[in-house]
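Everything below concerns the one structure shown next.
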2 protein chains.
Amino acid sequence: MSLHIAPERTRPAVPGATVQRLPSYLHVLAELRDRGITTISSADLAVGSGVTSAKLRKDLSYLGSFGRRGVGYDVDYLHSVIAAWLGVQQEISVVIVGVGNLGHALASYPGFFQRGFRVVGLVDTDPQLIGRLVSTGDGSAVVEPLDRLADIARHCQIGIIATPDAAAQAVCDRLIAAGVREILSFASRVLVVPDSVQVRHIDLAAELSVLASRPRRTTAVSA
Amino acid sequence: MSLHIAPERTRPAVPGATVQRLPSYLHVLAELRDRGITTISSADLAVGSGVTSAKLRKDLSYLGSFGRRGVGYDVDYLHSVIAAWLGVQQEISVVIVGVGNLGHALASYPGFFQRGFRVVGLVDTDPQLIGRLVSTGDGSAVVEPLDRLADIARHCQIGIIATPDAAAQAVCDRLIAAGVREILSFASRVLVVPDSVQVRHIDLAAELSVLASRPRRTTAVSA
DNA sequence: TAGATTGTTAATCGATTAACAATC
DNA sequence: TAGATTGTTAATCGATTAACAATC
């Protein structure tokens, strides 16, 4: 029996678990680059990233093959490949709704700016806050009232919901109406969205609950 | 209402994915209880929690069997079961290291207090901050200097690292030296810890990256 | 009873791991 | 070449889903 071989090989889609690890590889590669290291093996890069070398190589294999057998990976090149894949080279505009403590923290979070995310809008309903300057990764932004949300969101790829739980769904609906298709929510309530919209949800208290209720192994490497 | 308690039976360990969803069920159940709803089916509870009913029932089955066929679950009872399993009934002490924007936000995060977590310590190195009162879920706490960390951490079950990346590993080491075995980190660098310590890691920028690199829907062509 | 819903099983899907042929 | 390390395969592990017998 002869097998029918396709002329060009289709790679499987990159798994979600892999995508979630790519930024951490990127981060380690950037550090290596800053320290003048030009080549790195999967074993060493894996230790720095807190994964196994097998997992690292498997992850990279979804994007292509970028290493040299017997040698390792070129730090600069691999960095550029992952950065390109993640779209870091193009800046991504973000609007934050809810400028309480959490919203402030997110607005000025250095990691956002470093990885190409630009906080271009801040929205809140509190009259005390509206009009005030809040520092962001690359400067500052003025807090705008809720009725400006649609205008602002129209230019943003990602919306972050950092409001109290009670307001979260209404804000979510407005973001979607304005064309936002990617939402990061810190509300503890579940958001109802159409299939075309992608929501990621960070429940900080759930993270503590998992820690508190589980005598289980760590996700980080051991010494 | 008296419930028949089955004789103790060896159940498989509760999967991590399940544990992570339990707080969300708890949250929905608390809302139902507040609205006076006493009974709920897995189908309805699942909709409120953003999961399928099969997944919900499977999740609950790891803890035991608490429903009535043909009827559903008693809201109060199921709430108490999950709360007990998560250990929410006992208060859990938390120390936050790093009282910048993020640390402030975490200290006053209402969800922590609601689910039984008590921020009993705040630590920072900034002389401007030390001695200042920061509001927490149940009142306020004074920011203490780094050399008080060991004393404070000794009474805490969980440590939260909200410092700049550069300080994260050193703070982590100090927490572990003080006996903390569960750590939630917001640093982008990977923390090196012994096997006995459990670390959860929230990389906010990675969350945005996953969102931004989204369009891996049904576009892939199979051979 | 007749209808509803649970708890569990078995099948499927997806991610991780170990091992090693390919090859620099 | 001899040693090192990748990229990939196949096995394993864990989580999700669909289906339905049990039973309220």
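Lettering of chains follows the sequences in order, A, B, ..., and the numbering in each one begins at 1.
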Watson-Crick and G-U pairing of DNA chain C written in dot-bracket, each distance under 3.5 angstrom, with | for inter-strand partners: ..||||||||||||||||||||||
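Listed by chain and number, the residues in a salt bridge (charged side-chain N to carboxylate O under 4.0 Å, His left out) with Arg69(B) amount to none (sequence neighbours excluded). Among residues two or more places apart in sequence or in another chain, the salt bridge (charged side-chain N to carboxylate O under 4.0 Å, His left out) test is passed with Arg118(B) by Glu91(B). Applying the ring-ring contact (aromatic ring centres under 6.0 Å, His included) criterion to Tyr109(A), with sequence neighbours excluded, gives Phe112(A). Partners of Arg57(B) under the salt bridge (charged side-chain N to carboxylate O under 4.0 Å, His left out) rule, at least two apart in sequence or in another chain, do not exist in this structure. Every residue was checked against the side chain to side chain donor-acceptor pair (under 3.5 Å) condition with Thr39(B), not counting sequence neighbours, and none meets it. For Asp203(B), the salt bridge (charged side-chain N to carboxylate O under 4.0 Å, His left out) partners at least two apart in sequence or on another chain are Arg115(A). Partners of Arg68(A) by side chain to side chain donor-acceptor pair (under 3.5 Å), not counting sequence neighbours: none found.
A side chain to side chain donor-acceptor pair (under 3.5 Å) check over residues 166-176 of chain B, counting only residues at least two apart or in different chains, returns the pairs Gln169(B)-Asp173(B).
If you take CD of Gln20(B) and C1' of dA15(D), they are 13 Å apart, rounded to a whole angstrom. Between the C1' atom of dT5(C) and the OH atom of Tyr73(B) lies a distance of 8 Å, rounded to the nearest Å. dA15(C) atom C1' lies 15 Å from atom CG of Leu56(A), rounded to whole Å. The distance from atom CG of Asp74(A) to atom P of dT6(D) is 13 Å, rounded to the nearest whole Å. In this structure, the NZ atom of Lys58(B) is 16 Å from the P atom of dT12(C), given to the nearest Å. When the C1' atom of dT6(D) is taken as reference, atom CG of Asp59(A) falls 15 Å away, rounded to whole Å. Arg21(B) has its CZ atom 9 Å from the P atom of dT17(D), to the nearest Å.
Within the 4.5 Å cutoff, the side chain of Ser196(A) has heavy atoms near those of the Arg181(A) side chain.
Put simply, Arg57(B) has no side-chain N or O that comes within less than 4.0 Å of OP1 or OP2 on dC20(D). Applying the 4.0 Å criterion to OP1 and OP2 of dT17(D), one finds that Lys55(B) has a side-chain N or O inside that range. The phosphate of dT16(C) has neither OP1 nor OP2 within less than 4.0 Å of any side-chain N or O from Tyr62(A).
Against DNA chain D, the stretch residues 28-43 of chain A makes heavy-atom approaches under 4.0 Å through Ser41(A), Ser42(A).
Remark on DNA chain C: of its neighbouring residues Ala54(B) and Thr52(A), the 5'-side contact belongs to Ala54(B), judged by nearest-heavy-atom nucleotide.
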Worked check of side-chain contact (heavy atoms from CB on, under 4.5 Å) between Val95(A) and Ile158(A): CA-CA 7 Å; Val95(A) 56; Ile158(A) 295 178; over 6 Å; no
Can you list, pair by pair, the side-chain donor-acceptor contacts under 3.5 Å of residues 28-36 of chain B, counting residues two or more places apart and other chains?
| from | atom 1 | to | atom 2 | distance (Å) |
| --- | --- | --- | --- | --- |
| Glu31(B) | OE2 | Arg189(A) | NH2 | 3.0 |
| Arg33(B) | NH1 | His79(B) | ND1 | 3.4 |

Is there any protein nitrogen or oxygen under 3.5 Å from a nitrogen or oxygen in nucleotides 21-24 of chain D, and what are the pairs?
| from | atom 1 | to | atom 2 | distance (Å) |
| --- | --- | --- | --- | --- |
| dA22(D) | N3 | Arg69(B) | NH1 | 2.9 |
| dC24(D) | O4' | Arg69(B) | O | 3.1 |
| dC24(D) | O2 | Arg69(B) | O | 3.3 |

